[in-house]
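Note on naming: letters A, B, ... go to the chains in the order of the sequence lines (proteins, then strands), and numbering restarts at 1 for each one.
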Amino acid sequence: MTLHPYRTHTCGELRLPHAGSTVRLSGWVHRKRDHGGVLFIDLRDNDGITQVVITPDRAIHDAASDLHVETVVCFTGQVVPRTPDTVNPKLSTGAVEVVAETMQVLGSADILPFPVADDTQVSETIRLTYRFLDLRRQRLHANIILRSRVIASIRRRMMEMGFHEFQTPILTSSSPEGARDYLVPSRLYPGKFYALPQAPQQFKQLLMVAGFDRYFQIAPCFRDEDSRADRSPGEFYQLDLEMSFVEQEDVFRVVEVLFAGLFPEFSDWSVTPPPFPRIPYADAMRRYGSDKPDLRFGLEIVDVTGVFRDAEFIAFRRVVDAGGIVRLIPVPDVAGRPRSFFDSLEAFVKELGGQGLAYLVFTDSGVKGPIARALGADTLARLSDAVPPQPGAGWFFVADEEPVARTILGRLRLHLADLLDLRTPNAYRFCWIVDFPMYEFDDEQQRIVFSHNPFSMPQGGLEALTTQSPLDILAYQYDIVCNGVELSSGAIRNHRPDIMYRAFEIAGYSNEEVDQKFGGMIRAFRYGAPPHGGIAPGIDRIVMLLANEENLREVIAFPMNQNAQDLLMGAPSPVTEEQLRALHIQLRQPNS
RNA sequence: GGGGCCGUAGUUCAAUUUGGUUAGAGCACCGCCCUGUCACGGCGGAAGUUGCGGGUUCGAGUCCCGUCGGCCCCGCCA
C-alpha cells in the first residue's frame, strides 16, 4: 500500500474507528514531552492536534527527541486506542494516538523568538516582525479563519438578496474632500499621479447609472490617515453596497436583514432585533454626546439649560447667558463612593478641556455635594421635575459652550460606564444615526464645508438648498453603530446635476470645478440616472466585534503597525534611482 | 503636529518607590536523569552595553537632560 507522501489524514481527524489503520500525518511540533524512554509529540496542523508516541525501541527515537518545537515533520504509524486512564478529553483526537514507525523532517525550525503553543503576551513589534509565527498561535489563527467565514457568509447573504459583486479600479484619480490620498506616480505622464481609492464611491454610483441595480463588493479602501485601535493605517476593507430606486428605509432593511442573520451565525450574544432604533443625529449628540452611542448602558444626558436661564446659581447662569448650555448625567448608586472617585472624575473632565465638574449626590441624609447649598431649593425642585432623583444617585453637571460640553459629556458617559462596569455583557446593540447635517462651519478655514459625503442628497432637494440656511439643511445621510463602534456611513445619493452644482456651490465649488473634479459622474447623471443610495460597513470592524477583540490588528492577517510600517515586508522602503528616474521624480527630503 | 504610558537575558516579568554587595525569576535554549505524559517531572548550565547618548554623584537599571522605538489618545478620518 502506498500512502500519500505527506498525509493521509489531518491532525484533527483521527477517532476511535481509525484504530488499527496505518496513517501518515504532517504538521508542526506543538509540544514535546520527553520521558527519556517514551516520547510524546503533539503534532499540530490547521485542523487540530494529534498525539504521536515514539517508543524507545524505534530507530527514530533519538532524532525525534532532538526536534525543536515548530519544526514541520511527517510521521507514519499505526492509530491505537488510548487506555481509559490516558484518554485526553481536551483534544478532539484524544481517544487515540499514533505510534510512530517512521519520521521525516520537512522543515526544521530555529529557536523561536516567542512561544507559539502558549498564549503569553509578546510585544507587538516582535509579533509583527514574525507575523507568520503569530498567525500560527491559536487566537490569531482562529480570528483569521473567522474572518474568512464571515466574508463568505456576507457574500452568500448578499447574493441571496439579489446583489451582484463587482470589481472597481485600484489605480484611479485623486478627488477633493475626504482623507489624504495614497498617490502612485505615472511613468507615462510626468508630474501626474494615480490615487488609490478611499472608497469605490463614484464607481459604484456609475454602476447604478449603468443599470446594475444592486451592487456589492468586499472593497479595499486606502486612506493616508493616522491610526487608532479601531482604525487601521493605510488600508481597510468595506462591504460596499449600493442600490437603485430606493429610499433610506430600503437600505436599512437590507443591512438589518444582513446583520440580524450574520451576527447570530457567528456569536451567541444577543443582537438587537430589527428594526434597529433610528436616532436623529441631533438627538444622539444631545442624549449621548456622541454620533456613535454605545446603547449597552443608560446614563442618558439631560439638558437642563432652561432651568438655569433665570436661576440664582450664578456659575451656571453666566454660562447660559453667554450662549452656553448646562447638561447633567444622572448616575445610579454612586452616593456612597469615596471623595477620590469624584475627584478623579473632575480631573478626567479637566483633562478634556472642561472647566470642572459640579455634582450632587442623593443620600439618606439629604442632597450633598459642592454645589448643593449654592444651588438653592427652588432650582433643585425644578431640576427634580426634569430628572426624578433616585436615592443613592449622583448628578454630574457640565456647563460650557455646546460643542465642548457635549463632547465632554459623551466621554464622561463612556468613562463612567467603564468605572462602574455598566455595559450589558454579551450583547450587540445596533442603532441607526439619521438626519446628519449636510454642511458644517469649518472654524479653521472659516467657510462652509460638507459635513459628510458631498454626494448625499439634501433633504428637501433643490428647494432646501435655495431657501434654507445651509447649516440647517439635513442630508439623507446615515451611520450604523454597534456597541459604540461606527460600522459605516451611507447615504441616499444626489443623482441630479442641477442639485449637485448647487450643493457644491454652497461649499465653495464653481460649476467648472465640479465638472473638472467629478466630470465622469456629472456626465453620467445627464444620461438618465436612477435614484440610488447605499452604505459601506467596515469588514474589519465587523470581524473585530464578532471576535470580541479590542484592536483591529487582531483580525487582520498582515497589518501595519501604528506608524504605517509593515515590519515583515519592510514597507515602506526606498527605491532605486532608476525607478525614480523612470517616474520623473526627484526626492525632496524634509528639513531636519 | 500634540499628550499619556512603556523600553531590563531569545521572551514575559522582578529589582526603580528611598541611588549602595555579584541585576533576579518563569518559559525557551544547552547538558545529564527519567517508559504514559498531555502546560510532564528532576538536577545542573549558558544567557544582560538595563533602547541609545550625555549629565549629576564616591557610586546610576534607579535621579536629570536629550534622543530613538513601541502602544493608547487628541488633531485628522467626505
Exercise. When you check the side-chain N and O atoms of A:N511 and A:E505, is any donor under 3.5 Å from an acceptor?
Worked result: no
For this session: Would you please confirm or rule out a distance under 4.0 Å between OP1 or OP2 of B:rC30 and any side-chain N or O of A:H68?
Result: yes
Problem set entry | Nucleotide opposite B:rU56 in a Watson-Crick or G-U pair, distances under 3.5 Å | none
Problem set entry | Length of the line joining A:D34:CG and B:rC32:C1', which is rounded to integer Å | 12 Å
Exercise. Contact class for A:A117 (heavy atom, under 4.0 Å): base, sugar-phosphate, or nothing?
Worked result: nothing
Seminar exercise, completed: Of A:P115 and A:V87, the one whose closest nucleotide on RNA chain B sits nearer the 5' end is A:P115
For this session: Please state the C1' separation for the pair B:rA15 and B:rU22 - nearest whole angstrom.
Result: 14 Å
Exercise. Hey, does A:E124 reach any base, or is it just sugar-phosphate, or nothing, if we go heavy atoms under 4.0 Å?
Worked result: sugar-phosphate
Problem set entry | Nearest-Å distance once atom C1' is located in both B:rA39 and B:rC27 | 10 Å
Problem set entry | Between B:rA39 (P) and A:L91 (CG): distance, integer Å | 9 Å
Exercise. Donor-acceptor pair under 3.5 Å: do we get one between A:R228's side chain and the base of B:rG75?
Worked result: yes
For this session: Examine B:rG70: is either OP1 or OP2 under 4.0 Å from a nitrogen or oxygen in the side chain of A:N561? Give yes or no.
Result: yes
Exercise. Is the A:F455 to A:H495 ring centre distance short of 6.0 Å?
Worked result: no
Exercise. Can a salt bridge be assigned to the pair A:E549 and A:R139 using a cut-off of 4.0 Å between side-chain N and carboxylate O?
Worked result: yes
For this session: Under 4.0 Å between any heavy atoms, over every strand shown, what does A:T86 touch: base, sugar-phosphate, or nothing? Just pick one.
Result: base
Exercise. Could you state the CD-C1' distance from A:Q121 to B:rG26, rounded to the nearest angstrom?
Worked result: 15 Å
For this session: Tell me whether A:F40 is stacked on the nucleobase of B:rU37, counting only the six-membered base ring and applying the 5.5 Å and 30° thresholds.
Result: yes
Problem set entry | Separation between the P atoms of B:rU67 and B:rC77, rounded to whole Å | 29 Å
Problem set entry | Pairing partner (Watson-Crick or G-U wobble, both distances under 3.5 angstrom) of B:rC5 | B:rG70
Exercise. Could one point to a donor on the side chain of A:R231 or the base of B:rC77 with an acceptor on the other under 3.5 Å away?
Worked result: yes
For this session: Please say which of A:V73, A:I49, A:V72 ends up in a side-chain contact (heavy atoms from CB on, under 4.5 Å) with A:L43.
Result: A:V73
Problem set entry | The single option from A:F348, A:F341, A:F297 passing ring-ring contact (aromatic ring centres under 6.0 Å, His included) against A:H415 | A:F348
For this session: For nucleotides B:rU56 and B:rC65, find the distance between their P atoms and express it as a whole number of Å.
Result: 15 Å
Seminar exercise, completed: By the Watson-Crick or G-U definition, both distances under 3.5 Å, B:rG10 is matched with B:rC27
Problem set entry | Separation between the C1' atoms of B:rA28 and B:rU11, rounded to whole Å | 7 Å
For this session: Over 60° means perpendicular and under 30° means parallel, so classify the ring planes of A:F252 and A:W432, tilted if in between.
Result: parallel
Problem set entry | Atom pair distance, as rounded to whole Å: CZ in A:R33 and C1' in B:rA39 | 9 Å
Exercise. What is the distance from CG of A:D226 to P of B:rC71, rounded to the nearest Å?
Worked result: 12 Å
Problem set entry | P-based separation of B:rA9 from B:rU62 [nearest Å] | 15 Å
For this session: Rounded off to whole Å, could you give me the CG-to-C1' distance for the A:L552 and B:rC77 pair?
Result: 13 Å
For this session: Consider the side chain of A:V38, meaning its heavy atoms from C-beta on, and name the nucleotide among B:rC40, B:rG10, B:rU35 that approaches it most closely.
Result: B:rU35
Problem set entry | Integer-rounded Å distance: B:rC77 P and A:Q198 CD | 10 Å
Problem set entry | Ring-ring centroid check A:F504 A:F450, cutoff 6.0 Å | yes
Exercise. At under 4.0 Å between heavy atoms, what does A:L39 touch on the DNA or RNA strands: base, sugar-phosphate, or nothing?
Worked result: nothing
Exercise. Would A:H35 count as stacked on B:rC34 if the rule is ring centres under 5.5 Å and plane angle under 30°?
Worked result: no
Exercise. With a non-hydrogen cut-off below 4.0 angstrom, is A:T83 in contact with a base, only sugar-phosphate, or nothing?
Worked result: nothing
Problem set entry | Criterion side-chain contact (heavy atoms from CB on, under 4.5 Å) against A:Y439, the qualifying member of A:V449, A:L465, A:D472 | A:L465
Problem set entry | Spacing of the P atoms in B:rG41 and B:rC73 (rounded, Å) | 39 Å
For this session: Rounded to whole angstrom, note down the P distance from B:rG10 over to B:rG55.
Result: 27 Å
Exercise. Within the pair A:K90 and B:rA39, is there a side-chain N or O less than 4.0 Å away from OP1 or OP2?
Worked result: yes
For this session: Establish whether the base of B:rC38 is bridged to the side chain of A:R82 by a donor-acceptor pair shorter than 3.5 Å.
Result: yes
Problem set entry | For B:rU49, the Watson-Crick or wobble counterpart (both distances under 3.5 Å) | none
Exercise. Are OP1 or OP2 of B:rC72 and a side-chain N or O of A:N551 less than 4.0 angstrom apart?
Worked result: yes
Exercise. Taking atom types as they are modelled, is there a donor-acceptor pair under 3.5 Å from the base of B:rG36 to the side chain of A:E97?
Worked result: yes
Problem set entry | Rounded distance in Å - CD (A:Q562) to P (B:rC6) | 16 Å
Exercise. Is A:P113 touching bases, backbone alone, or none of the nucleic acid, heavy atoms closer than 4.0 Å?
Worked result: sugar-phosphate
Problem set entry | Phosphate OP1/OP2 of B:rU37: any A:N88 side-chain N/O under 4.0 Å | no
For this session: Answer yes or no: does a side-chain N or O of A:R553 lie under 4.0 Å from OP1 or OP2 of B:rC72?
Result: yes
